[in-house]
**Q** 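I'd like to ask some things about the structure below.
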Amino acid sequence: MSKFRYPVDTDQFAEIRQQGKVYVDKTGLMCDIISKYKYVFLARPRRFGKSLLCNTLKAYFQGQKELFEGLKVAELETEWKKYPVLHFDMSEMRNCTDIKDMRDVLSAMLEYYETAYGTQKRIDDFGKRFSQLIRHIYESLGTQVVIIFDEYDTPLMRNLYNKEMLEELRSLLRGFYQTVKLDGAYLRFVFITGVTKFSQVSIFSELNNLKQISMLDEYSGICGVTQKELDSVLRPCVEEYAEAIGITTDEAYALLKKNYDGYHFSPNSEDVYAPFSLLNALNDKLTRHYWFETGTMTALIEHLKHYPIINALQFDGVELGGEDFNMGCEDATTPIPLLYQSGYLTIDTYDPLLRSYTLHYPNLEVREGMIRGLMPLVLNRTNIESNNMLRQIARGIYEGDLSKSLVALRAYIAKIPYDIITRKDWDESESREGFYKMLFYMVFSLLNSIVDTEVKSILGRADVVIQTKTHVFVLELKVDDTVENALAQIEDKGYAIPYEADGRKVIKCGVSISSEARNITHWRITDAAGNTLNEEKF
């Protein structure tokens with residue numbers, strides 16, 4: 001039984017503190033933001049601790065001093081002045097099916113505070129009604145009001161491609177959010193969270209003093225768990241996790257890093273772990289992909305359908321200009337900004353001269369989840385079929401029998417519909433080779449072994465490198481070309497050299513695919529010295 005209680009089922013700050021659950025102290029950063037700014041916007045992916053931060057702010061402004069004992073804010077705060085807090089969780093509108101339902105939910109939110117503060121008069125206009133509430137509180141209590149909008153964009157994202165509903169929503173919310181600017185004199189602090197930016201909502205177009213802290217280095221770790229925090233505050237938790245699953249603490253750190261680390265939210269960001277996945281793994285003493293298990297890719301897949309190419313390869317390693325991060329998702333001509341904002345991609349490197357960012361999948365959890373979500377859409381095959389194929393491929397890999405894996409892959413390719421392979425919207429510069437390389441990437445990325453794809457070497461990139469404890473398989477793919485040329489490229493570019501001295505058996509494989517046959521037609525598997533171990537022609 002664990003010595004620690006993890007907040008895996010709650011984002012309520014008071015509950016976490018009162019019940020002694022694990023809490024990583026972010027209150028120093030919270031105080032810094034409050035001291036500098038009045039209007040603040042923070043964008044982070046879902047399940048990243050935004051709601052916990054909102055609830056922490058709420059408790060702070062309500063003067064609940066006892067909850068902060070032992071935290072950084074206790075050293076910094078001396079007054080503990082209490083403010084009325086209006087906290088709106090806009091995710092409550094996520095399941096609304098029409099504008100009436102949304103109006104009813106929004107009305108109920110306002111009515112809760114109207115009743116609490118004694119404002120009885122009802123006004124049909126939500127903006128005027130919200131303004132009346134704020135002014136009544138200010139006049140009756142003689143103190144400014146704090147407003148928190150959590151997940152402000154949830155109803156908008158749910159209706160991104162329903163133009164009629166989206167326009168009605170904009171009209172509904174525009175006046176509501178505009179009140180924040182018009183009633184600024186009555187407000188102490190305004191905090192807004194979301195995943196993405198909608199440029200045509202007045203929260204951005206009119207609130208020109210809204211400070212967006214999402215990409216500032218000093219606040220890169222305000223949500224999530226940083227590497228420093230995992231190494232210090234949470235180290236006892238990692239040690240317990242390691243002991244429970246029978247590995248060393250160093251191995252546990254490596255395992256957690258591979259699966260849940262890798263998020264960067266600014267040019268010089270701290271290294272950030274996905275908190276929901278990390279804490280669940282520590283709690284369960286397992287290594288599962290929690291982020292995708294608890295969420296759905298439905299909205300993302302629907303978004304990607306509106307772009308001509310849905311290709312896992314085009315996302316990993318893409319470049320994005322600095323101005324693109326602030327682009328409203330309804331204005332974007334590419335899915336990349338939303339993929340970043342939603343946490344499917346993260347910053348890998350930043351070029352200050354060009355002000356451009358290179359984006360990558362942050363970790364194994366996200367890469368595998370993305371690929372599993374895309375495979376049925378891209379290949380028109382069910383997840384059951386794909387999983388059966390993956391088990392057969394993995395069995396061959398673990399047995400050191402690459403030919404068995406290729407036989408399974410060939411059978412899988414044979415069942416891919418003709419019109420999928422011959423789609424005209426694949427990258428014309430690579431023609432069918434782009435499709436087959438994408439297929440190899442998706443398939444081998446899903447293996448539960450240590451897998452690298454497009455591994456860099458001194459002179460080029462190998463198409464696929466698969467690593468197990470005993471073997472390293474280096475594969476080069478050629479479309480309408482020979483296996484001889486594929487193997488020659490492995491040799492000429494030195495793809496296998498980095499692995500030849502680590503004691504594992506190095507296997508090289510040239511694979512030839514015929515665009516006419518639309519499948520693998522030839523492979524040759526050799527040892528490190530070039531001796532043929534297996535060869536098949538079809």
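Not measured: the values here are computed from a predicted model.
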**Q** Side-chain donor-acceptor contacts of residues 94-101 below 3.5 Å, not counting sequence neighbours, with atom names and distances?
**A**
residue : atom : partner : partner atom : Å
T97     : OG1  : D101    : OD2          : 3.1
D98     : OD1  : K100    : N            : 3.2
D98     : OD1  : D101    : N            : 2.8
K100    : NZ   : D104    : OD2          : 3.0

**Q** After noting the C-alpha distance and the side-chain angles of Y23 and F13, does the key distance pass the ring-ring contact (aromatic ring centres under 6.0 Å, His included) rule?
**A** CA-CA 9 Å; Y23 176 72; F13 176 73; 5.4 Å; yes
**Q** With a 6.0 Å cut-off on ring centres, are F176 and F149 close enough?
**A**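 So the answer is yes for these two rings.
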**Q** Is R129 salt-bridged to E114, going by a charged N under 4.0 Å from an acidic O?
**A**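 A salt bridge links R129 with E114.
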**Q** Is the backbone of P45 close enough, under 3.5 Å, to the side chain of K50 for a donor and an acceptor to pair up by distance?
**A**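 Yes; judged by distance alone, with no hydrogens or angles, the pair exists.
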**Q** Decide yes or no on salt bridge (charged side-chain N to carboxylate O under 4.0 Å, His left out) for K163 and E167, but give the supporting numbers first.
**A** CA-CA 6 Å; K163 291 185 178 180; E167 189 52 45; over 6 Å; no
**Q** Run the ring-ring contact (aromatic ring centres under 6.0 Å, His included) test on F189 and Y60 for me, step by step, so that the C-alpha distance in whole Å, both residues' side-chain angles and the decisive distance to 0.1 Å come before the verdict.
**A** CA-CA 12 Å; F189 185 73; Y60 168 77; 9.0 Å; no
**Q** I'd like to know whether E368 forms a salt bridge (charged side-chain N to carboxylate O under 4.0 Å, His left out) with R372, so could you lay out the CA-CA distance, the side-chain angles of the two residues, the decisive distance to 0.1 Å, and finally the verdict.
**A** CA-CA 6 Å; E368 182 171 319; R372 285 191 182 279; 3.2 Å; yes
**Q** Please determine whether the number of non-hydrogen atoms from other residues, nucleotides or ligands lying under 6.0 Å from atom NZ of K285 exceeds 12.
**A**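 Count over threshold, so yes.
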**Q** Is the F191-Y37 ring centre distance short of 6.0 angstrom?
**A**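 Between Y37 and F191, which both carry aromatic rings, the centre distance is not below 6.0 Å.
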**Q** Tell me, please, whether F126 has R103 positioned over its six-membered ring: NZ or CZ under 6.0 Å from the ring centre and within 45 degrees of its axis?
**A**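 Pair R103/F126 does not count as cation-pi.
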**Q** Indicate the ring-plane relationship of Y152 and F41, choosing parallel, tilted or perpendicular according to the 30° and 60° boundaries.
**A**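 Taking F41 first and then Y152, their aromatic rings stand perpendicular (interplane angle over 60°).
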**Q** Test the R188-Y83 pair against the cation-pi criterion, namely NZ or CZ under 6.0 angstrom from the six-membered ring centroid and within 45° of the ring axis.
**A**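 Pair R188/Y83 counts as cation-pi.
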**Q** So does E15 have more than 12 non-hydrogen atoms from other groups sitting under 6.0 Å from CD?
**A**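 Above 12, so yes.
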**Q** Between F276 and F48, is the ring centre distance below 6.0 Å?
**A**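 No, ring centres 6.0 Å or more apart.
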**Q** Can a salt bridge be assigned to the pair D32 and K36 using a cut-off of 4.0 Å between side-chain N and carboxylate O?
**A**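 The answer is yes: the pair qualifies as a salt bridge.
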